[in-house]
Q: 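I have a structure here, written as structure tokens, and I will follow up with some questions on it.
Residue numbers start at 1 and run along the sequence shown.
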Amino acid sequence: MMKTKINSSKWDRNRSKPLLILLDYDGTLTDFTHNPEHSRITPSTRALLHRLNRRHQVIMVTGRYADSLIRVSGLKGIPVVGTHGFEARGLPGKIQFASPSLQRRFKKEATKLWKNIQVLQKRFPGIHIERKPFSSTLHFRGLNLTPSQIRNLQADFKALFRQAVTWKNWKLQGGKKMIEAMPRGFSKGKAVRKILEKHPGHFPLYAGDDIGDISVLKVLGK
């Protein structure tokens, strides 16, 4: 669940500034589930976020693709940074990250990758392969895999990944019992830096829980 730390002295100096509230979703606002489609926030959390958004600027910053976040959370009307800074949905100032042509290129290779890695479900029963328009994530949460099995799973995923995509344009990122193939050159941190440029005078607050959130904390100077 959500954990964050605020520097009290810095907060005191910036108390009069409007807030820019940036929030990860999985593992932050919700507990992880085996299937990401089952990871939903409570009605009270949803209501709280909408109330905050009426007073401050709230933006979701997620590794999920934007449509998935909106569908499982029910947070319609709140801007979304999706796919680790690749997608922009409803951001203030019409901020965009990946061009339409770049989105088409990655979508084509992501489809090929998703088809390639289906064989892993036979080799490692119980894994969950999350299909996304511009990336693919393999989850092995809830499985009692040995360290050797995890290494084999990661090695097999990497081999299939390299066969399916123009690998110099992609990168692999680990996390909490998952491995993800995603577009190179994009990150949550880069997306947040661009958002901050459009919000001068705001005091940013960020909450996240995984490796992909480290780039944001570096941007914010934590």
Q: Would F140 end up clustered with I211 when hydrophobic side chains under 4.5 Å apart are linked, directly or stepwise?
A: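 No: no chain of side-chain contacts under 4.5 Å links F140 to I211.
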Q: Of all the heavy-atom pairs spanning T83 and P183, show the shortest one and how long it is.
A: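 The answer is CG2-CD, 4.5 Å.
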Q: Once rounded to the nearest 0.5 Å, what's the spacing between atom CD of Q96 and atom CG of L102?
A: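 The CG atom of L102 is 12.0 Å from CD of Q96, to the nearest 0.5 Å.
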Q: Do L69 and I41 share a hydrophobic cluster (ILVMFWY, side-chain heavy atoms under 4.5 Å, transitive)?
A: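 Same cluster: L69 reaches I41 through Ile, Leu, Val, Met, Phe, Trp or Tyr contacts under 4.5 Å.
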Q: Quick one, P79 and M60 - any side-chain contact, counting heavy atoms below 4.5 Å?
A: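 In short, these two side chains do not touch, never coming nearer than 4.5 Å.
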Q: Taking only residues two or more places apart in sequence or in another chain, which ones pass ring pair (Phe, Tyr, Trp, His ring centres under 6.0 Å) with Y25?
A: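 Testing Y25 for ring pair (Phe, Tyr, Trp, His ring centres under 6.0 Å), a comparison that skips the adjacent residues, returns none.
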Q: With side chains defined as the heavy atoms from C-beta onward, is the minimum distance between I195 and I95 less than 4.5 Å?
A: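 They are in contact (side-chain heavy atoms under 4.5 Å apart), so the answer is yes.
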Q: Locate the shortest heavy-atom distance separating R71 from Y65; write the atom from each residue and the value.
A: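 Shortest heavy-atom contact: NH2-OH, 3.4 Å.
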Q: Can you label the angle between the F86 ring and the F134 ring as parallel, tilted or perpendicular, going by 30° and 60°?
A: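 Judged by the thresholds at 30° and 60°, the geometry between F86 and F134 is tilted.
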Q: Indicate the atoms forming the closest heavy-atom contact of S135 with M182, along with that distance.
A: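 Residues S135 and M182, closest heavy atoms: CB-CA, 4.1 Å.
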Q: What distance separates L220 CG from L196 CG, expressed to the nearest 0.5 Å?
A: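 Answer for the CG-CG pair, L220 versus L196, is 6.0 Å.
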Q: Are T62 and V81 close enough that some pair of their side-chain heavy atoms sits under 4.5 Å apart?
A: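 Of all side-chain heavy-atom pairs linking V81 with T62, none is under 4.5 Å.
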Q: Kindly give the heavy-atom pair with the smallest separation between W170 and E109, and that separation in Å.
A: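 Between these two residues, the closest heavy atoms are NE1-OE1, 2.9 Å.
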Q: Can you tell if the side chain of L49 reaches within under 4.5 Å of the side chain of L29, non-hydrogen atoms only?
A: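 Side chain of L49 against side chain of L29, heavy atoms only: contact under 4.5 Å found.
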Q: Quick one about T146 and S148 (side-chain donor to acceptor, distance below 3.5 Å, no hydrogens or angles considered), yes or no?
A: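 Absent: no donor and acceptor within the cut-off.
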Q: Check whether any side-chain heavy atom of Y206 sits under 4.5 Å from a side-chain heavy atom of V219, and report yes or no.
A: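 Of all side-chain heavy-atom pairs linking V219 with Y206, none is under 4.5 Å.
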Q: Does the S73 side chain pair with the main chain of L75, one donor and one acceptor, at a distance under 3.5 Å?
A: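 Checked: pair present.
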Q: Specify the closest pair of heavy atoms between G189 and S215, including all atoms of both residues, with the distance to one decimal.
A: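 Shortest heavy-atom separation between G189 and S215 comes out as N-OG, 2.9 Å.
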Q: Is there a continuous path of hydrophobic side-chain contacts, each under 4.5 Å between heavy atoms, that joins M178 to I150?
A: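 No, M178 and I150 fall in different hydrophobic clusters.
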Q: Decide side chain to side chain contact (heavy atoms under 4.5 Å, CB included) for I179 and Q173; before the verdict, give the C-alpha distance in whole Å, the side-chain angles of both, and the deciding distance to 0.1 Å.
A: CA-CA 6 Å; I179 182 171; Q173 178 170 284; over 6 Å; no
Q: Within the side chain of R141, is there an N or O that forms a donor-acceptor pair under 3.5 Å with the backbone of K176?
A: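 Yes.
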Q: Nearest 0.5 Å, please: how far is CD in Q154 from NZ in K158?
A: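 K158 atom NZ to Q154 atom CD measures 10.0 Å (nearest 0.5 Å).
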Q: State which residue, out of H128, E130, K177, fulfils the side chain to side chain donor-acceptor pair (under 3.5 Å) condition with H139.
A: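 Going through the options one by one, the only one that passes is E130.
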Q: Going only through I, L, V, M, F, W and Y residues with side-chain contacts under 4.5 Å, is there a path from F186 to I214?
A: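 Per the 4.5 Å side-chain linkage, F186 and I214 are not co-clustered.
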Q: For Q57 and H202: C-alpha separation, side-chain torsions, deciding distance, then whether side-chain hydrogen bond (donor to acceptor under 3.5 Å, both in side chains) applies.
A: CA-CA 9 Å; Q57 179 64 72; H202 284 66; over 6 Å; no
Q: What's the spacing between K17 NZ and H56 NE2 if we round to 0.5 Å?
A: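 NE2 of H56 is found 15.0 Å from NZ of K17.
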Q: Would you say L20 and L205 make side-chain contact, with heavy atoms under 4.5 Å?
A: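 The answer is no, as the side chains (C-beta and beyond) never meet within the 4.5 Å cut-off.
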Q: Might you work through the side chain to side chain contact (heavy atoms under 4.5 Å, CB included) test for F157 and I129, ending with a clear yes or no?
A: CA-CA 11 Å; F157 182 94; I129 300 174; over 6 Å; no
Q: Output the distance between atom CD (E87) and atom CZ (F106), rounded to the nearest 0.5 Å.
A: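 So the gap between those two atoms works out to 12.5 Å.
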Q: Write out all pairs satisfying salt bridge (Lys or Arg N to Asp or Glu O under 4.0 Å) with one or both partners inside residues 178-202, taking only residues at least two apart or from two chains.
A: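 Output for this query lists D24-K188, K132-E180, K188-D213.
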Q: Apply side chain to side chain contact (heavy atoms under 4.5 Å, CB included) to residues I59 and I78 and explain how you reach the verdict.
A: CA-CA 6 Å; I59 299 176; I78 293 182; 5.9 Å; no
Q: When you look at L143 and F124, which way does the side chain to side chain contact (heavy atoms under 4.5 Å, CB included) test go after all the steps?
A: CA-CA 10 Å; L143 299 183; F124 303 90; 5.7 Å; no
Q: Please examine the side chains of L153 and Q149, heavy atoms only from C-beta on, and report whether any two atoms are closer than 4.5 Å.
A: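 They are not in contact (no side-chain heavy atoms under 4.5 Å apart), so the answer is no.
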Q: Please check if the side chain of N53 supplies one atom and the backbone of V58 the other of a donor-acceptor pair under 3.5 Å.
A: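 The answer is yes, because a donor-acceptor pair under 3.5 Å joins these two groups.
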Q: Would you please say whether a donor-acceptor pair under 3.5 Å links the side chains of S39 and T30?
A: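 Looking only at side-chain atoms, T30 and S39 do form a donor-acceptor pair, the distance falling under 3.5 Å.
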Q: For residues T28 and A207, report the shortest heavy-atom separation together with the two atoms involved.
A: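 The pair with the smallest heavy-atom distance is CG2-O, 3.7 Å.
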Q: Do F161 and L113 have side-chain heavy atoms sitting under 4.5 Å apart?
A: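 Sidechains of L113 and F161: in contact.
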Q: Atom CG in L172, atom CZ in R162: separation rounded to 0.5 Å?
A: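 Interatomic distance, L172 CG to R162 CZ, rounded to 0.5 Å: 9.0 Å.
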